[in-house]
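Lettering follows sequence order; numbering is per chain, from 1. Hydrogens, waters and symmetry mates are skipped; everything else that's a heavy atom, side chains included, is used.
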Amino acid sequence: MHTTLHKPAPTRMIATGEATAILPTETTPPIKVIGTEAIRDTFDDVCLQQAINSRLAPGVTDVVLNPDAHLGYGAPVGCVMVSPTHIYPGPVGVDIKCSMSLLQLDVPADVIEDRQTRRALISAICQRTPTGAGKGQRSVKKSRPVNRTLGKQLVVEGASESVCQQLGIPVDWADRCEDSFHLGHDETRDALGNRLEVLLAQRHMSNFSDKMSQLGSYGGGNHFGECEVVHVGDDDRSRSVAETFGLRDGKVAFLSHCGSRGFGHNLASGQFKTLQHKFSKWDIPLPAGDRQLVYAPLGTSEADDYLDDMALGANFATANHLLINALVLEAFQEVLPGTTGSLVYFISHNIARKEIMDNRPTWVHRKGATRAFPAGHYALRETPFADTGHPILLPGNPRDGSAVMVADAGAEQACFSVNHGAGRTLGRRHANRVLDQATIDKEFEQHDILSNCRFYPKDEAPAAYKDFEEVLRSVKTAGLASEVARLKARFVIKDASKADD
DNA sequence: ATGTGC
């Protein structure tokens, strides 16, 4: 919204393959675009202008626009921005370490065919993992209290052994995380403890204890929990990779999407304000005139503070996701005694990570983009996924399903990243105006997908998102990743507070 | 995304 169009509408993209293109700019190397022609037609001018602004911003060496790209804060949602020298809070986003996680259960699909069973599961899950803005813990409070002391520990340590034990999270789930913890700017834990004390003295952090009590909650917007049936692809590679991932064909799994809740929002918005104020006070030119693209050069105290805040928020998001998965498993066990479950993976799409690219360390900002390291990548050496690549969790929509993918060698051309889902095609306001409630709810009924919402939010309806098949086709055709399994929705947990009145 | 809009 704040992005200004300095130039006339961006020049047209030039196709370099069936699902790849470049977006030329006047003064820098071209931006890489992933998407078939049909997908490239979905990018509006402001989204493309944000990509160009990001590419021209100081210290940026690479930008990739993914098929799910749409308007974001400074940079498009659905892009990768790389810089060895500068950190950009906007292109991480307001929901620090917003992520996906997938819990594989040993429940055969036919056990949840019965609608009463699914209703009981919805109820048991909603009791434990609330949705909606500001909603903290409900019954969770009794079994998993998060007091100030534990809160301070978990934002500094992430999913450490001690934190997991106190929260009732299986300790070995930490091995199934893209990152189970985040360190401070100097790669120590102490830096985070010190930064936290500074933050706690500030007025906008006076609600710290309240924010900690939100642990184990989904929030609103596009966040969700979804019960799935796993359909592993019937080729040899899919079957073999699925086994390494711990996916079980024909069984139930649970997919979650949420982030760092109010705590991460406080940290991110605090950083936007601080940096925007400094740019203004010191009269530093804004990249493309866009205050959403304020940055900090690495090595400055401003960059140190941002990296520490990002890590604190990321640690909260990590503990939040793992606790949600533990609570979902507990809910299944209440309804279906004896159920066991294991975490397939937990992976973010809103984070900046230090990675080695072209033999040098650089900061990869993934803004609505998912890390995609293929088999043999150096960073997977010590993980269960060294020989396959790690799981990539891609939410589509309840009607058309979601996908588990694995990176191919071609992911390197996209800075080892893929999209993070389908991507919006209708803005929220537009969707609420043009979509019909009865049609949406009837469609869920036709597909026998239950929900905790009496009326499914219109701005979250499948029709508000891009064609998932075309998005997946883009990723596959560009050679970035291959499909391992499809997830078919059986019920959905969403924030119903806006639609359900 | 967000005790939801500067």
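- A close approach under 4.0 Å does occur between a side-chain nitrogen or oxygen of Gln214(A) and OP1 or OP2 of dG3(B).
- For Arg55(A), there are no side chain to side chain donor-acceptor pair (under 3.5 Å) partners at least two apart in sequence or on another chain.
- Between Tyr218(A) atom OH and dG3(B) atom C1' the separation is 21 Å, expressed in whole Å.
- When the side-chain nitrogen and oxygen atoms of Lys211(A) are compared with OP1 and OP2 of dG3(B), one or more of them lie within a distance under 4.0 Å.
- In this structure, Arg428(A) reaches the sugar-phosphate backbone alone: every heavy-atom distance under 4.0 Å involves primed, P, OP1 or OP2 atoms, never a base.
- If you measure from atom CZ of Phe272(A) to atom P of dT2(B), you get 14 Å, rounded to the nearest angstrom.
- Remark: P of dC6(B) and NZ of Lys273(A) are 10 Å apart, rounded to the nearest angstrom.
- A donor-acceptor contact under 3.5 Å is not formed by the side chain of Asp210(A) with the base of dG3(B).
- Gly221(A) comes within 4.0 angstrom of the backbone, heavy atoms only, and of no base.
- As judged by a 4.0 angstrom heavy-atom cut-off over every strand, Gly219(A) is placed among residues touching the sugar-phosphate backbone only.
- Residue pairs meeting the ring pair (Phe, Tyr, Trp, His ring centres under 6.0 Å) criterion with at least one member in residues 45-70 of chain A: none, sequence neighbours excluded.
- Protein atom CD1 of Ile96(A) is 12 Å distant from nucleotide atom P of dT2(B), rounded to whole Å.
- Using a 4.0 Å heavy-atom cutoff across all strands shown, Gly93(A) reaches no nucleic acid atom at all.
- Atom NE2 of His204(A) and atom C1' of dT2(B) are 13 Å apart (whole Å).
- Between Phe263(A) and Phe316(A), the two ring planes are tilted [angle within 30° to 60°].
- For the side-chain hydrogen bond (donor to acceptor under 3.5 Å, both in side chains) test with Asp95(A), the passing option among His349(A), Arg261(A), His265(A), His223(A) is His223(A); the others fail.
- A salt bridge between Arg428(A) and Glu460(A) is present, with a side-chain N of the basic residue lying under 4.0 Å from a carboxylate O of the acidic one.
- Atom NE2 of His277(A) and atom P of dC6(B) are 19 Å apart (whole Å).
- Protein atom CZ of Phe316(A) is 11 Å distant from nucleotide atom P of dT2(B), rounded to whole Å.
- Across all strands shown, Asn350(A) has no heavy atoms under 4.0 Å from either base or sugar-phosphate atoms.
- Here dT4(B) presents its P atom at 17 Å from OH of Tyr73(A), a figure rounded to the nearest Å.
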